[in-house]
Amino acid sequence: MSENQAPSASPCSAVVGMQWGDEGKGKIVDLIAPQHDAVARYNGGANAGHSVVVKGERFSLHLIPSGILYPSKLAIIGNGVVLDPDKLQQEIDGLRARGVDTAGLMVSNRAHVVMPYHKVEDAAREDSLKQERLARDDGASSVVSEIGTTRRGIGPAYAEKVQRSGAVRVGDLLDPATLQEKIAIAIATKRASLAGYPDVGESLDVKAVTDWALRAGEIIRPMVHDTTYLLNNLVRAGKKVLFESANGTLLDVDHGTYPFVTGSSCSVGGIGPGTGVPVQRVGRVTGVMKAYSTRVGSGPMPTELAGPGADGQIGDRIRNRGREFGTTTGRPRRVGWLDLVAVKYSAMINGTTGLALTMLDVLAGLETVRVCTKYEFGGKQTDRFLPDSASLAAARPVYTDLPGFSEDVSAAKSRSELPARARAYIEFIEQTVGIPVEIVSVGPDRAQTIAS
Ligand code: IMP
């Protein structure tokens with residue numbers, strides 16, 4: 001086969017979030033990883049939080065692909081990721097301390113680095129947006145508001161990448177002269193915008209930042225590779241790569257609930273730019289979705305269960321049963337009924353071939369479960385996800401009510417062991433979205449999974 005000839009089949013897979021992140025992708029990646037030779041992250045950074053529970057032991061990963069828990073696999077951080085070296089080091093140390101072999105970890109030389117000033121910019125921008133919102137008469141707006149970012153410097157790092165001149169890539173960490181020049185350029189452009197912001201620390205000190213970056217480079221050096229060739233060579237050799245998405249399709253910078261989104265392409269479309277592997281090498285796309293909805297930060301969420309009344313109580317119940325508190329920031333997540341308008345839209349964007357339904361056990365004990373199948377907007381009903389946040393905030397969900405199930409499902413080993421009403425819920429999802437549910441997760445442990 002010539003170098004650029006495509007392999008006949010599409011040997012790679014992708015795991016992608018169908019909602020606003022936190023769908024349980026880490027567990028699903030961990031389940032599918034054994035059928036692959038390598039796992040690659042292609043977007044996001046330390047804003048993500050992937051939890052995997054193995055034999056009762058919980059691992060929380062932010063930057064490192066969840067596939068690292070299989071020692072024989074390569075775990076690759078692709079060029080589309082924005083890399084926080086301190087967080088990477090912490091995560092490696094944490095894994096090693098628990099006996100996990102991290103020798104298979106590789107980092108793209110083209111990945112961009114989250115610099116200390118990016119975190120300050122993130123915080124300064126959020127603070128100023130909050131002040132703007134509070135200064136408005138009603139103190140609330142669906143459009144002009146802080147995004148509620150993780151303050152991990154994600155947006156500013158991606159913005160720097162697009163600005164170009166002062167952006168630092170992992171490869172630059174190994175080249176002191178280039179590094180210092182880039183940092184000096186970046187800091188020169190930030191001094192004015194951050195003037196007066198109190199918490200800049202040493203982030204605008206060129207020498208301090210350069211010294212930090214050089215130290216980071218020495219630590220990362222053994223892991224740095226041209227992962228673009230590495231991944232393409234693996235694919236050409238018939239190896240199977242699993243692409244692990246971070247965040248969720250509804251947080252995608254292009255396709256999500258803009259502007260309340262993250263800075264990267266979280267959908268399958270991000271694989272090409274984020275790894276250099278053509279997306280047509282991806283055959284199987286597993287869309288991970290919770291049995292209900294959650295969201296962290298600001299932005300519209302049509303099915304949100306909030307407020308002092310019955311809805312808020314159901315929301316609290318789901319939040320507590322589902323332990324819906326951020327892996328990255330600890331923030332309580334906003335909770336809502338399942339929104340199938342949104343999931344169907346995400347399935348379309350990603351070319352999802354199969355669904356993985358997570359957290360089904362959390363819904364046990366509810367008399368009725370509601371599923372949004374349409375929105376009412378501008379006096380009409382629509383089954384389309386709306387393109388802008390203001391419209392989505394004004395849309396009212398149209399629900400189909402299904403009977404809930406009271407049984408504990410967390411020990412079910414097959415779909416037939418699930419109560420009839422839980423099975424009916426799954427079938428309703430399959431029929432409405434038009435895609436089979438291939439995996440059902442009924443608890444956090446690897447073993448609490450039903451695969452069809
Ligand atoms: P950023 O990615 O830190 O810029 O945050 C942008 C928005 O995406 C905020 O609403 C965050 O809460 C949200 N976000 C980013 N990553 C995740 C994630 O992995 N799960 C859930 N929400 C996320």
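Keep in mind that the numbers below use all heavy atoms, side chains included, and drop hydrogens, waters and symmetry copies. Each ligand, and each atom within it, is numbered from 1 in the order the structure gives.
- When the heavy-atom distances from atom 23 (C) of ligand 1 to V253, V296, L251, T149 are ranked, the shortest goes to L251.
- Smallest separation of non-hydrogen atoms from T149 and E126: N-OE1, 3.0 Å.
- Atom 2 (O) of ligand 1 has T262 OG1, 2.6 Å as its closest protein atom, hydrogens excluded (heavy atom only).
- Taking only nitrogen or oxygen atoms, main chain and side chain alike, T150 reaches within less than 3.5 Å of ligand 1.
- When only interatomic distances are considered, the shortest N/O to N/O separation between D22 and ligand 1 falls below 3.5 Å.
- More than 12 heavy atoms of other shown residues, nucleotides or ligands fall within 6.0 angstrom of atom CD in E376.
- Of the listed residues (T294, V261, I154), the one carrying the non-hydrogen atom nearest atom 7 (C) of ligand 1 is V261.
- The number of heavy atoms from other shown groups lying within 6.0 Å of CZ (R384) does not exceed 12.
- Ligand 1 has no nitrogen or oxygen under 3.5 angstrom from a nitrogen or oxygen of D122.
- The CG atom of L69 lies 6.0 Å from the CG atom of L61; values are rounded to the nearest 0.5 Å.
- Considering both main-chain and side-chain atoms, R331 comes within under 3.5 Å of ligand 1 through a nitrogen or oxygen pair.
- The 12-atom threshold is exceeded at CZ of R98, counting heavy atoms of other residues, nucleotides or ligands nearer than 6.0 Å.
- A heavy-atom separation below 4.0 Å is found between G148 and ligand 1.
- The minimum heavy-atom distance linking A48 with A246 is given by the pair CB-CB, 3.7 Å.
- Atom 17 (C) of ligand 1 has as its closest protein heavy atom N247 ND2, 3.5 Å.
- Residue-level proximity to ligand 1 for F260 is absent, since no heavy atom of it falls below 4.0 angstrom.
- Heavy-atom distances between A48 and ligand 1 reach below 4.0 Å in at least one pair.
- Environment of CD in E202: sparse, with no more than 12 heavy atoms of neighbouring residues, nucleotides or ligands closer than 6.0 Å.
- Taking the six-membered ring where the residue is Trp, Y375 and F385 present tilted rings, their angle falling between 30° and 60°.
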